[in-house]
> 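Next up is a structure, given as structure tokens.
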Amino acid sequence: MGLCGRAWARCGGPRLPGGPGVLWALALGRAFPRPCRTGGWETPGTARYGLWAAAAAGGGVPAPRGVRGLRSSNPFTRRQEEEWRRRNRSALAYIAAAAVGMVGMSYAAVPLYRLYCQATGLGGTTGAGHSSEQIESMEPVRDRVIRVTFNADVHSSIQWNFKPQQSEIYVVPGETALAFYKAKNPTDKPIIGISTYNVIPFEAGQYFNKIQCFCFEEQRLNPQEEVDMPVFFYIDPEFAEDPKMAKVDLITLSYTFFEAKEGQKLALPGYQ
Amino acid sequence: MSTAMNFGSKSFKPRPPDKGAFPLDHFGECSAFKERFMECLRHSGYESGACRQRAMAYLECRMERQLMANEPLEKLGFKDLIDEKSEAKPEKL
């Protein structure tokens with residue numbers, strides 16, 4: 001301890017074993033110690049080497065000093081330092097594990113959220129409950145009459161005449177309903193169309209179930225041909241129990257036809 | 001509908017139909033049934049519940065002519081009409 005104090009408190013830096021030299025001091029990465037100015041040099045012969053040389057004399061401190069070595073030579077503080085280092089390493093391990101865990105969770109979140117949405121029906125996604133057993137057993141809710149209006153659109157590049165055959169119908173949730181659209185190809189070459197649909201308001205779209213329709217598949221119309229296109233749908237009885245749908249009594253079903261390229265296969269929307 | 005950057009609001013997600021798409025009735029084989037159905041709708045003030053009998057007839061026509069997959073009508077939501085029919089038959093007899 002005594003040696004320790006002497007080595008540090010004095011000017012000229014610590015007394016190092018292995019002789020003086022600027023290179024030796026630099027190799028250890030030590031900061032410049034205070035220069036000696038107490039009436040001349042501390043030890044004879046150090047004037048030639050400068051500040052660092054003052055470290056030459058004096059008892060060497062036999063503590064190992066590498067870059068990762070312990071700073072103290074005192075056994076008690078060394079133990080404490082070792083303890084600190086061990087704790088630092090374990091803290092680092094915990095933090096690294098937490099970081100890896102976060103990355104893993106962000107990858108796992110996608111399928112988990114999808115499962116959660118399907119179970120709770122959040123965000124307009126549908127569960128797996130649209131089976132024929134449900135249609136068979138559902139009861140119509142007679143006190144909620146909903147007006148369903150129909151809209152038909154064509155994309156500008158397709159030359160079909162497409163329109164609904166009824167402007168509106170009145171349905172109740174839980175009862176299946178049939179509606180018709182009409183499409184005509186006034187040109188003299190066959191045209192293939194494919195359609196998609198939209199339900200407004202968006203939130204009502206999750207209750208609007210189509211049993212069968214003419215959308216998402218290519219429909220080919222020969223020249224001068226006119227066809228009836230039916231839509232067979234029902235509104236889920238749970239519509240009547242949703243508080244968000246309490247004010248909704250108008251649903252608009254809108255179909256839009258696009259021209260399809262020959263042999264093009266489109267993927268059906270939804271989770272597959 | 002998906003052009004605006006409104007990530008918070010719900011968007012519409014189209015779903016495929018449960019039983020797929022109807023094949024097109026190119027030869028108008030069921031047009032008569034469709035006309036009767038549309039006539040019924042016009043007379044009843046476009047009330048769907050009043051014309052379910054004729055809707056059922058149209059779907060039966062489609063099934064007979066292979067324009068629709070054969071399916072028992074109960075599964076298409078016409079269970080009450082089938083029950084009425086079966087009740088009416090023993091009464092007639």
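Naming: A, B, ... by sequence-line order, numbering from 1 per chain.
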> Less than 4.5 Å apart, side chain to side chain, heavy atoms only: is that true for B/Pro17 and A/Phe216?
yes
> For the candidates A/Leu221, A/Val148, A/Val199, which exhibits the highest count of non-hydrogen atom pairs separated by less than 4.5 Å from chain B?
A/Val199
> So which part of B/Arg54 gets closer than 4.5 Å to some heavy atom of chain A, the side chain, the backbone, both or neither?
neither
> Looking at A/Val227, A/Thr196, A/Ile211, A/Asn222, which makes the most heavy-atom pairs under 4.5 Å with chain B?
A/Ile211
> Considering all heavy atoms of both residues, which atom of B/Gly49 and which atom of A/Glu175 are nearest to each other, and what is their separation?
CA-OE1, 3.5 Å
> More than 12 foreign heavy atoms under 6.0 Å from CD of A/Glu238: is that the case here?
no
> Could you tell me which non-hydrogen atom of A/Lys210 sits nearest to which non-hydrogen atom of B/Pro16, and how far apart they are?
NZ-C, 4.1 Å
> Of all of A/Phe214, A/Phe208, A/Phe180, which one pairs up most often with chain B through heavy atoms under 4.5 Å apart?
A/Phe180
> With a 4.5 angstrom heavy-atom cut-off, is it the side chain or the backbone of A/Gln212 that approaches chain B, or both, or neither?
both
> Apply side chain to side chain contact (heavy atoms under 4.5 Å, CB included) to B/Asp25 and A/Asp228, showing your working.
CA-CA 7 Å; B/Asp25 183 6; A/Asp228 298 315; 5.5 Å; no
> What distance separates A/Leu178 CG from B/Tyr58 OH, expressed to the nearest 0.5 Å?
7.0 Å
> Just how far is it from atom CD of A/Glu217 to atom CG of B/Leu24, taken to the nearest 0.5 Å?
10.0 Å
> Contact part of A/Phe232 toward chain B, heavy-atom cut-off under 4.5 Å: side chain, backbone, both or neither?
both
> To the nearest 0.5 angstrom, please state how far the CZ atom of A/Phe233 sits from the OG atom of B/Ser48.
6.5 Å
> Is there a side-chain contact between A/Ile169 and B/Leu41 (heavy atoms, below 4.5 Å)?
yes
> Could you look at B/Leu73 and say if it's the side chain, the backbone, both or neither that has a heavy atom under 4.5 Å from chain A?
neither
> Less than 4.5 Å to any heavy atom of chain B: does that hold for the side chain of A/Gln166, its backbone, both, or neither?
both
> Is it the backbone or the side chain of B/Phe27 that comes under 4.5 Å from a heavy atom of chain A, or both, or neither?
neither
> More than 12 heavy atoms of other residues, nucleotides or ligands under 6.0 Å from NZ of A/Lys182: is that the case?
yes
> With rounding to the nearest 0.5 Å, note down the distance linking CD in B/Glu35 to CD in A/Gln165.
7.0 Å
> Need one label for A/Val172: side chain, backbone, both or neither, based on atoms under 4.5 Å from any heavy atom in chain B.
neither
> Rounded to the nearest 0.5 Å, what separation is found between the OG1 atom of A/Thr176 and the CE atom of B/Met56?
10.0 Å
> Between B/Arg15 and A/Tyr197, is any pair of side-chain heavy atoms under 4.5 Å apart?
yes
